[in-house]
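In what follows, chains carry the letters A, B, and so on, assigned in the order in which the sequence lines appear, proteins first and then strands, with residues in each chain numbered from 1. Just so it is clear, the structure is predicted and the values come from calculations on it, not from any experiment.
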Protein chains: 2
Amino acid sequence: MKRIAESTVRRLSLYLRFLEDFEKRSIGTISSDELAARGSTTSAQVRKDLSFFGSFGKRGLGYSVPELLARLRQILGLDHEWHVVIVGAGKIGAALAQYRGFSQRGFRIVALYDSDPEKVGRTVDGLQIRPMSALTAESHHHRPDIAVLAVPATAAQEVADIVVAAGVRAILNFAPQQLQVPDTVALKEVNMAIELEGLSFALTNLRM
Amino acid sequence: MKRIAESTVRRLSLYLRFLEDFEKRSIGTISSDELAARGSTTSAQVRKDLSFFGSFGKRGLGYSVPELLARLRQILGLDHEWHVVIVGAGKIGAALAQYRGFSQRGFRIVALYDSDPEKVGRTVDGLQIRPMSALTAESHHHRPDIAVLAVPATAAQEVADIVVAAGVRAILNFAPQQLQVPDTVALKEVNMAIELEGLSFALTNLRM
DNA sequence: ACATGTGAACTGCTTCACAGCG
DNA sequence: CGCTGTGAAGCAGTTCACATGT
């Protein structure tokens, strides 16, 4: 299979959301034009994105909403449950643990870790915070697929090494620190300060 | 001035961080090669990125760390303070309000709003939560440049319209909802569920 | 001699435009 | 006839390679 651009995958996620909405409104068929209008893209882009994975539409008619929905879930790997561990039970880690959007799409949070003895043992949304030192051993049982890092920048690389050694194959990093991981591990960085700086740049350079 | 790619701006933010680190370690001069090694990019990329804004280096030598630092701050618009309002004082909004990374770079949080009367009046990190209904009037006083939205998806567009009408010219949106704003307003979307789905895709399609 | 700054080549994503099929 | 699926064209971002300046 050909390599798929990250931008394409992002759009597939968006199409999935729009289709869920169309399904809720009992719309059975949708054209690439209508899907495009909902995101801010073009019908050609929609068709091209989907064409990497097969031919799901009917010429002259469009796409069956339930069928395309099922296909997209399958393509994105959302047709089964993923096990997620969150490392760092500070404000952000705790907020993520409680975020409904995750469980809703089959991301099951199997454990929450923190190295601070003060926090260990407390409960967040029905999940007891476990000591960081237990992560490796408990991973044999939980078999996490994805680790979400919400730790201080200074600890991030060390934690990343630990979760990778524990068998995690994907990392979502909220720590403001560029991580190094083997290229067998998928990595996404979310850096709120960098987003704000992008806005600062836009404010400084766009207008005025 | 030529249009600058978003990817370029992101890298400038990274260079800024690396330079701060070099400065802390009292390194006075740095080559594009050394900067590139720190991010995961190439020296040509570093030089090209900087070349959009001028010639800051000395041939045969490299870049002066303090000088390039000052230039980057200026380019990114970080040489003065921005006023930020946060809308939504739930878990994520509260976590953002307390996040040190913002104030550290000159983003001053001037107000925190919520429409829930239960939350209004409480204090988060020294900031009293104000009722959403007060946003427009208080904006005459606070003059916010940037709004951070941490509200439910269903409220996001309505809130965006309100803050735009109140004079905000940049929005950082954490709500899982694609926003429509006039093209005079800069917009960044942070969607954690979409990042996770990108990892799910990678796990499903990379290996196996 | 060495590292920058930059046109030129290249790579890859997006848009176009139309043939193909229901 | 309408809308998909897709090669081809167009465009934007990255990499190359070297002339230039210190």
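Interface remark: the B:Arg59 side chain does form a donor-acceptor pair with the C:dT4 base, using a distance-only criterion of under 3.5 Å.
Summarising the geometry, the separation between CG on B:Leu50 and P on D:dT14 is reported as 14 Å, rounded to the nearest angstrom. Rounded to whole Å, the distance from CD on A:Gln45 to C1' on D:dC11 is 13 Å. Distance A:Leu35 CG to D:dT4 P: 9 Å, rounded to the nearest Å. Atom pair B:Arg47:CZ and C:dG7:C1' shows a separation of 13 Å (rounding to whole Å applied). We find that OH of B:Tyr63 is positioned 7 Å from C1' of C:dG5, with the value rounded to whole Å. Here D:dG13 presents its C1' atom at 15 Å from CD of A:Glu6, a figure rounded to the nearest Å. Across the protein-nucleic acid pair, A:Lys48 atom NZ and D:dA8 atom P stand 11 Å apart, rounded to whole Å. Atom CD in B:Glu34 sits roughly 13 Å away from atom C1' in C:dC2 (whole-Å rounding).
In summary, of the residues considered (A:Arg17, A:Arg10, A:Arg73), a side chain to side chain donor-acceptor pair (under 3.5 Å) with B:Glu197 occurs for A:Arg17 alone.
The side-chain heavy atoms of B:Arg47 and B:Tyr63, taken from C-beta on, include a pair separated by under 4.5 Å.
Under a 3.5 Å cut-off, the side chain of A:Asn173 and the backbone N or O of A:Gln177 do form a donor-acceptor pair. No donor-acceptor distance shorter than 3.5 angstrom exists from the side chain of A:His83 to the backbone of A:Asp145, with no hydrogens or angles considered.
Among D:dG13, D:dG5, D:dA17, the nucleotide with an atom closest to any side-chain atom of A:Ser55 is D:dG5.
Comparing A:Lys58 and A:Asp49 by the nucleotide of DNA chain C whose heavy atom lies nearest to each, the residue mapping closer to the 5' end is A:Asp49.
Remark: A:Arg3 is in phosphate contact with C:dC13, judged by side-chain N or O atoms under 4.0 Å from OP1 or OP2. For the OP1/OP2 pair of D:dT15 and a distance below 4.0 Å, the side-chain nitrogens and oxygens of B:Thr42 include at least one atom meeting the criterion.
Looking at heavy-atom distances under 4.0 Å, B:Ser7 makes contact with sugar-phosphate atoms alone, never a base. Residue B:Ser32 is classed as a sugar-phosphate contact, given heavy-atom separations below 4.0 Å to backbone atoms only. Residue B:Ser43 is out of contact with every strand shown, counting any heavy-atom pair closer than 4.0 Å.
Not less than 6.0 angstrom separates the ring centroid of A:Tyr15 from the ring centroid of A:Phe18.
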